[in-house]
2 protein chains.
Amino acid sequence: MNISQAAKLSGLSVKTVRYYADIKMVEPARNIQSGYRSYSNDDVAKLNFIGKARRFNFSIEECRELLSLYQDKNRSSKEVKKLTLAKIASIDEKLREFHSLRDELSHLVNCCNGDDRPSCPILDELSK
Amino acid sequence: MNISQAAKLSGLSVKTVRYYADIKMVEPARNIQSGYRSYSNDDVAKLNFIGKARRFNFSIEECRELLSLYQDKNRSSKEVKKLTLAKIASIDEKLREFHSLRDELSHLVNCCNGDDRPSCPILDELSK
DNA sequence: TATAAAGTCTCCAGTTACTGGAATGTAAAG
DNA sequence: CTTTACATTCCAGTAACTGGAGACTTTATA
């Protein structure tokens, strides 16, 4: 199938699918006549896989790792679990950051009149 | 003072401070002899302000807005509050995403043996 | 005072993961 | 046969820096 079909089935944009071909992550066959990329069902499965992994916040490099594990029928689940646990830890870290950020900001907002006067505790805090 | 002093006082890297000068956010005076950037206390205050706002996840463009509000003695607190509330909303959005991400991943991890066998529900899920 | 080390300058390239657009070629529909 | 849709490559831009090269200035040491 052509690239737009593969994009549709995998839920990615054509640009993105072409990008994944460029960086040699999913390299489809080529139609010799037209030069068009020709995607197999297998290619689409990989695109799907990558799309999900990306949505799970794995980086492209991590996707590459996962993909090679995914394609290796003799891999152990240990490696995958390790990668995933590390990802969870980094998400937890981000969650902590965002939570404290949110708390600080909403505290500031609560102290701010939000009227037409220039006095503003948010700016006061930022300038400390 | 020279750039490294300003960087130290503001808690930013020299590279970052120079970058802020390049993008005309904090433009210090210049020593005519040496061509070195010469930072005033006022400049450092602005750098501080920006550093905090960045840590609060405001973008450079938002920092520019906040900075101009900060420097405008006749501004109203309404605008600042609005900007901040929008920021909180986007943080909440990110928090929701990360939470559901985390939940899904930890569910997968709990189902995975993590041994030397190839069976792995994480990869199974990704390949669906 | 000579020299070495530290600090600073500009400019260019790289990062991440795409996205947009131009110019051009191919395929399908009317 | 022409229009339209889809495809190709290549180049540039995004955000917010960071790293490094090569050259210049200032400061510290011998």
Side-chain angles (χ1 to χ4, degrees), chain A residues 1-40 43-44 46-67 87 90-91 94 97 101, chain B residues 1-40 43-44 46-67 87 90-91 94 97 101:
Chain A
M1 72 191 81
N2 281 345
I3 196 167
S4 60
Q5 177 80 4
K8 199 171 193 173
L9 290 176
S10 61
L12 303 172
S13 77
V14 168
K15 277 280 188 187
T16 299
V17 173
R18 200 174 282 127
Y19 173 71
Y20 289 160
D22 287 348
I23 64 172
K24 294 165 197 314
M25 197 139 79
V26 178
E27 288 184 280
R30 292 282 187 150
N31 180 320
I32 309 200
Q33 252 73 17
S34 64
Y36 284 13
R37 290 177 181 82
S38 176
Y39 287 83
S40 67
D43 291 330
V44 172
K46 284 190 217 172
L47 288 173
N48 253 311
F49 183 94
I50 295 163
K52 283 221 182 169
R54 291 285 303 129
R55 257 167 273 137
F56 277 103
N57 231 48
F58 287 96
S59 73
I60 288 289
E61 278 318 302
E62 287 168 329
C63 285
R64 247 189 246 278
E65 270 185 81
L66 286 171
L67 198 59
K87 182 54 58 184
S90 83
I91 290 173
K94 278 228 161 54
E97 277 175 41
L101 205 57
Chain B
M1 71 191 82
N2 281 345
I3 195 168
S4 60
Q5 178 79 6
K8 199 171 193 173
L9 290 176
S10 62
L12 303 171
S13 77
V14 168
K15 276 281 187 185
T16 300
V17 173
R18 199 174 281 128
Y19 173 71
Y20 289 160
D22 288 348
I23 64 173
K24 294 165 198 311
M25 198 138 79
V26 178
E27 288 184 281
R30 292 282 187 151
N31 180 319
I32 308 200
Q33 253 73 18
S34 63
Y36 284 13
R37 290 177 181 82
S38 177
Y39 287 84
S40 66
D43 292 329
V44 171
K46 284 190 214 169
L47 288 173
N48 253 310
F49 182 95
I50 296 163
K52 283 220 182 169
R54 292 284 304 129
R55 258 168 274 136
F56 278 103
N57 232 48
F58 287 97
S59 73
I60 289 288
E61 278 320 301
E62 288 168 328
C63 286
R64 248 189 246 277
E65 271 186 81
L66 286 171
L67 197 59
K87 182 54 56 181
S90 84
I91 289 173
K94 277 226 160 54
E97 276 176 40
L101 204 58

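In what follows, chains are A, B, ... by sequence order, proteins preceding strands, each numbered from 1.
Distance alone, capped at 3.5 Å, places no donor-acceptor pair between the Asn2(B) side chain and the Ser4(B) backbone.
Across all non-hydrogen atoms, the minimal contact from Arg30(A) to Gly35(A) is NH1-O, 2.9 Å. Across every non-hydrogen atom of Leu67(B) and Lys46(B), the tightest pair is CD1-CG, 4.2 Å. Closest non-hydrogen pair, Leu12(B) versus Leu47(B), comes out as CD1-O, 3.9 Å. Arg37(A) and Ala21(A) get closest at one heavy-atom pair: NE-CB, 3.7 Å.
To the nearest angstrom, P of dT8(C) lies 11 Å from NZ of Lys8(B). Separating the CD atom of Glu62(B) from the C1' atom of dA15(D) is a distance of 12 Å, rounded to the nearest angstrom. For Asn2(B) and dC24(D), the CG to C1' distance is 14 Å, given to the nearest whole Å. Distance, Leu12(B) CG to dT18(D) C1': 14 Å, rounded to whole Å.
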> So Ile60(B) and Arg54(B), side chain to side chain contact (heavy atoms under 4.5 Å, CB included) or not? Walk me through it.
Replying inline: CA-CA 7 Å; Ile60(B) 289 288; Arg54(B) 292 284 304 129; 3.9 Å; yes
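The side-chain hydrogen bond (donor to acceptor under 3.5 Å, both in side chains) contacts involving residues 8-19 of chain A comprise Ser13(A)-Thr16(A), where partners must be two or more places apart or lie in separate chains.
A heavy atom closer than 4.0 Å to some atom of DNA chain C occurs in Arg30(B), Gly35(B), Tyr36(B), Arg37(B), these being the qualifying members of residues 22-37 of chain B.
Between Arg18(B) and dT8(C) there is no side-chain polar atom (N or O) within less than 4.0 angstrom of OP1 or OP2.
Side-chain contact check for Asn48(A) versus Lys52(A): every heavy-atom pair is 4.5 Å or farther apart.
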Every protein N/O lying under 3.5 Å from an N/O of nucleotides 16-23 of chain C:
| residue | atom | partner | partner atom | Å |
| --- | --- | --- | --- | --- |
| dA17(C) | OP1 | Ile60(A) | N | 3.4 |
| dC18(C) | OP2 | Tyr20(A) | OH | 2.7 |
| dC18(C) | OP2 | Arg54(A) | NE | 2.7 |
| dT19(C) | OP2 | Ser13(A) | OG | 3.2 |
| dT19(C) | OP2 | Thr16(A) | OG1 | 2.6 |
| dG20(C) | N7 | Lys15(A) | NZ | 3.0 |
| dG20(C) | O6 | Lys15(A) | NZ | 3.3 |
| dG21(C) | O6 | Lys15(A) | NZ | 2.4 |

